[in-house]
Amino acid sequence: MRVRKGYKKIVAYALCFCLAAGTCGCGWVAESEVGQQQTALAESDGADREEDFRLLPEAELDYQVPEQYPGVWVSLGGYDSKGSKEVYFCGRSLPETFRVMDAATGQCVYTGRLEEDRYDEETGEYNSYGEFTDFVDVGEYYIECDIIGRSYSFTLQEERLREQFDLTLTQIRQQGRETLSGAESVRAILQQVILVLLSYELYPDLYEDGDGNQIPDVLEYTTEAVRAVVGRQESAESDDLAYELAAALAKYSYIYQKYDSRYATDIVQIAAGLWQRAEKTEDPGDEARLLAAAELYRATGQRKYVTALEASQGGLPDKAEQGELGRYDYLAAVTYLATKQKVKVDICDMLIRKLMNRGGQITEGIPHLAHRETDLSESAIEEMMWDMALLSAVNYMITNYEYGRMIESQHYFLWGCNARSYCFWERDISQRPSWTACYLLMLCDMRVNE
């Protein structure tokens, strides 16, 4: 008690001293002295210090709050209620279980376990995943767990993959009707035609004839695009896309001949003329040359095309041996293997091995989902989409569980199951004709193997 009284006396003396100072003028500066002090400060610092004595009318905040994203990652595009379903977790510490919560009631409807944890030394975080494939009730949900919180909401729908498939086809039709302006827009549509026709060639049973005219709707969409590029080719200056145009038209004519043989014949003749012109004027190392040769050989059976394919210099075997196969070359290999024309067995064996090796390289080259970058450049997205298209084609030829898992994982990644909850479909893929077609191939593979 004595100590507390002594402390109170000290405080009282201090308050009295401050009051006396204010009354007697100690520490108080007259107006004239204020002016002198401000002048002296300005002279000593070489600048006007008047702002230092101004009271701000409101706080000035000049900093940015970092963006926050959930530590629980789900597909923002939802899941097929009867398909496989995965959720990913990332955080400094992870729980052992997670809960699927009904978004309307907030009630837990399913409990699952996290699989093995992986530690990222660079970020100092753990990542893991969980499955809730056996939960099939249609509805809207979110994932919740201890420590790291909850995910964004998502839906479980019947035939969700089919809905996304139809959405992609609608986008492809719209893109095919857009006005072509410049070489790059023409190239994008040609690539789309090639990839869409490949998806139809591999998975024809997935495509429907909605209007009942005995022609699958996807081929009608492709016909519109073909008419547009042919009309441009006949009326405008050359875009130096002769080989790509020849490849797209030859592939189209081969597939479309059963529906309109006369029009298909006219188209393949245009393709043959483009090839002949390109052989005289274009670079023999053009990346689309062997693809055009493969499509024309399958459509016509003429030996000059297979000679180019099998050439000891610049042909598929030579480029494969040199490790120089590009994306069009792999598609040429797929067509060479699928043709009913005469081919060499040893070359077929070599191409199958190369395709298998490339499939392995693609799967090994894609990091675990938790470490995939989302701030990707345009070229990186393009490479990713073409890799997925080729992997889907290879998985059709040589069914591989690991390939299928990678395609599915990449699909969910593209729909926002990533560190930034960034939806590549909405902001990137659906805006580019060739990327949209690559995604269509992924969906074909997933629908067949679901």
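Predicted model, so just to flag it, every value in this text is computed and none were measured. Only heavy atoms go into these numbers, but all of them, side chains included; no hydrogens, no water, no symmetry mates.
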Step-by-step side chain to side chain contact (heavy atoms under 4.5 Å, CB included) determination, Y252 to T223:
CA-CA 8 Å; Y252 169 80; T223 299; 2.7 Å; yes

The single option from Y336, W275, Y297 that satisfies ring pair (Phe, Tyr, Trp, His ring centres under 6.0 Å) with Y305 is W275

OG1 of T97 to CG of D146, rounded to nearest 0.5 Å, is 6.0 Å

Any non-hydrogen side-chain atom of I429 less than 4.5 Å from a side-chain atom of M385?
yes

Original post:
Can you tell me if Q171 uses its side chain to pair, donor with acceptor, with the backbone of S430 under 3.5 Å?
Top reply: yes

side-chain contact (heavy atoms from CB on, under 4.5 Å) with H411: of M388, M406, Q164, only one passes, and it is Q164

Regarding E378 and R432, does a basic nitrogen lie under 4.0 Å from an acidic carboxylate oxygen?
yes

Scanning both residues in full, the closest heavy-atom pair of A250 with S253 reads O-OG, 2.9 Å

Quick one: does I407's side chain get under 4.5 Å of M446's, heavy atoms only? yes

dist Q192:CD -> I194:CD1 (nearest 0.5 Å) comes out at 11.0 Å

From the list Y141, F98, Y79, ring pair (Phe, Tyr, Trp, His ring centres under 6.0 Å) partner of F135 resolves to Y141

- Task: For the residue pair V343 and I347, establish whether any side-chain heavy-atom pair is separated by less than 4.5 Å.
- Result: no

OH of Y69 to CG of N418, rounded to nearest 0.5 Å, is 9.5 Å

Please list, one pair per line, the donor and acceptor atoms closer than 3.5 Å that link side chains of residues 195-206 to other protein atoms, with sequence neighbours excluded.
residue : atom : partner : partner atom : Å
S199    : OG   : V196    : O            : 2.6
S199    : OG   : Y207    : OH           : 2.6
Y200    : OH   : Y259    : OH           : 3.0
E201    : OE1  : K251    : NZ           : 3.1
E201    : OE1  : R298    : NH2          : 3.3
E201    : OE2  : R298    : NH1          : 2.4
Y203    : OH   : S392    : O            : 3.4

Query raised in the report: How are the rings of F132 and Y110 set relative to one another: parallel (under 30°), tilted (30 to 60°) or perpendicular (over 60°)?
Result: tilted

Q. Between the side chain of Q257 and the main-chain N/O of Y254, is any donor-acceptor distance below 3.5 Å?
A. yes

Aromatic ring pairing Y129/Y88, orientation class (parallel under 30°, perpendicular over 60°, tilted between): tilted

- Task: Assess whether side chain to side chain contact (heavy atoms under 4.5 Å, CB included) is satisfied between Q107 and M101, documenting all intermediate values.
- Result: CA-CA 5 Å; Q107 298 298 310; M101 310 294 290; 5.9 Å; no

CD of Q269 to CG of L274, rounded to nearest 0.5 Å, is 12.0 Å

Next on the checklist: Quick check on M356: does its CE atom have over 12 non-hydrogen neighbours (other residues, nucleotides or ligands) under 6.0 Å away?
Outcome noted: no

Between D211 and N213 the two heavy atoms that sit nearest each other are OD1-OD1, 2.8 Å

Taking everything shown except E121 itself, do over 12 heavy atoms lie less than 6.0 Å from its CD? no

| said: Taking CD in E158 as the centre, count heavy atoms belonging to other residues, nucleotides or ligands within less than 6.0 Å. Is the count above 12? | reply: no

Scanning both residues in full, the closest heavy-atom pair of N395 with N400 reads OD1-N, 2.8 Å

Across all chains, not counting sequence neighbours, the side chain to side chain contact (heavy atoms under 4.5 Å, CB included) partners of A188 are P433

Practice item. Indicate, with yes or no, if the rings of F413 and F424 have centres closer together than 6.0 Å. Key: yes

| message | Run S84 and E408 through side chain to side chain donor-acceptor pair (under 3.5 Å) and show every step you take. | response | CA-CA 9 Å; S84 64; E408 184 179 68; 2.2 Å; yes

Run the side chain to side chain contact (heavy atoms under 4.5 Å, CB included) check on I270 and D266 step by step: do they pass?
-> CA-CA 6 Å; I270 295 174; D266 292 340; 5.5 Å; no

Looking only at heavy atoms, the pair that brings V72 and C145 closest together is CG2-SG, 4.1 Å

D375 atom CG, over 12 foreign heavy atoms within 6.0 Å:
no

Smallest heavy-atom separation, L296 atom then A272 atom, equals CD2-N, 4.0 Å

In terms of heavy-atom contacts, F89 and G130 come closest through CE1-N, 3.7 Å

*Counting heavy atoms not belonging to K344, are there more than 12 under 6.0 Å from its NZ?*
no

Report task. With R447 as the cation and F165 as the aromatic partner, state whether NZ or CZ is under 6.0 Å from the six-membered ring centre and within 45° of the axis. Result -> yes

Exercise. Evaluate the salt bridge (Lys or Arg N to Asp or Glu O under 4.0 Å) criterion for residues E131 and K85: first the C-alpha distance (whole Å), next the side-chain angles of each, then the deciding distance (0.1 Å), finally the verdict.
Key: CA-CA 6 Å; E131 294 188 13; K85 298 176 273 296; over 6 Å; no

Between R289 and E279, does the salt bridge (Lys or Arg N to Asp or Glu O under 4.0 Å) criterion hold? Intermediate values first, please.
CA-CA 9 Å; R289 179 173 180 266; E279 285 290 277; 2.9 Å; yes

Parallel, tilted or perpendicular, as decided by the 30° and 60° cut-offs, for the rings of Y119 and Y126 = tilted

Above 12 or not: heavy atoms from other molecules or residues under 6.0 Å from CZ of R262?
no

Student check: side-chain heavy atoms of L290 and L309 closer than 4.5 Å
yes

Main-chain N/O of Q157 paired with T155 side-chain donor or acceptor, under 3.5 Å: no

The reported gap from CG in D329 to CD in E324 (rounded to nearest 0.5 angstrom) is 9.0 Å

Would you call E373-R420 a salt bridge at under 4.0 Å N-O?
no

Taken to the nearest 0.5 Å, the spacing of S128 OG from D117 CG works out to 5.0 Å

message = Taking L331's backbone N and O only, do any of them form a donor-acceptor pair with T335's side chain (distance below 3.5 Å, no angle check)?
response = yes

Query - Steps toward salt bridge (Lys or Arg N to Asp or Glu O under 4.0 Å) verdict (E86, R405) - result: CA-CA 11 Å; E86 289 187 355; R405 290 278 293 180; 2.8 Å; yes

Worksheet entry | Sidechain N-carboxylate O distance under 4.0 Å for R327, E382 | yes

query: According to the interplanar angle, ranging from 0 to 90°, do the rings of W425 and Y439 count as parallel (below 30°), tilted (30 to 60°) or perpendicular (above 60°)?
result: tilted

**Item:** R160 to W415 six-membered ring, cation-pi geometry met (6.0 Å, 45°)
**Value:** yes

For the side chain of K280 and the backbone of Q276, is there at least one donor-acceptor N/O pair under 3.5 Å apart?
-> no

Taken in chain and number order and not counting sequence neighbours, the residues that satisfy side chain to side chain contact (heavy atoms under 4.5 Å, CB included) with E224 are R173, R177

Verdict with supporting geometry, Q175 and T436, side chain to side chain contact (heavy atoms under 4.5 Å, CB included): CA-CA 9 Å; Q175 291 167 341; T436 308; 3.2 Å; yes

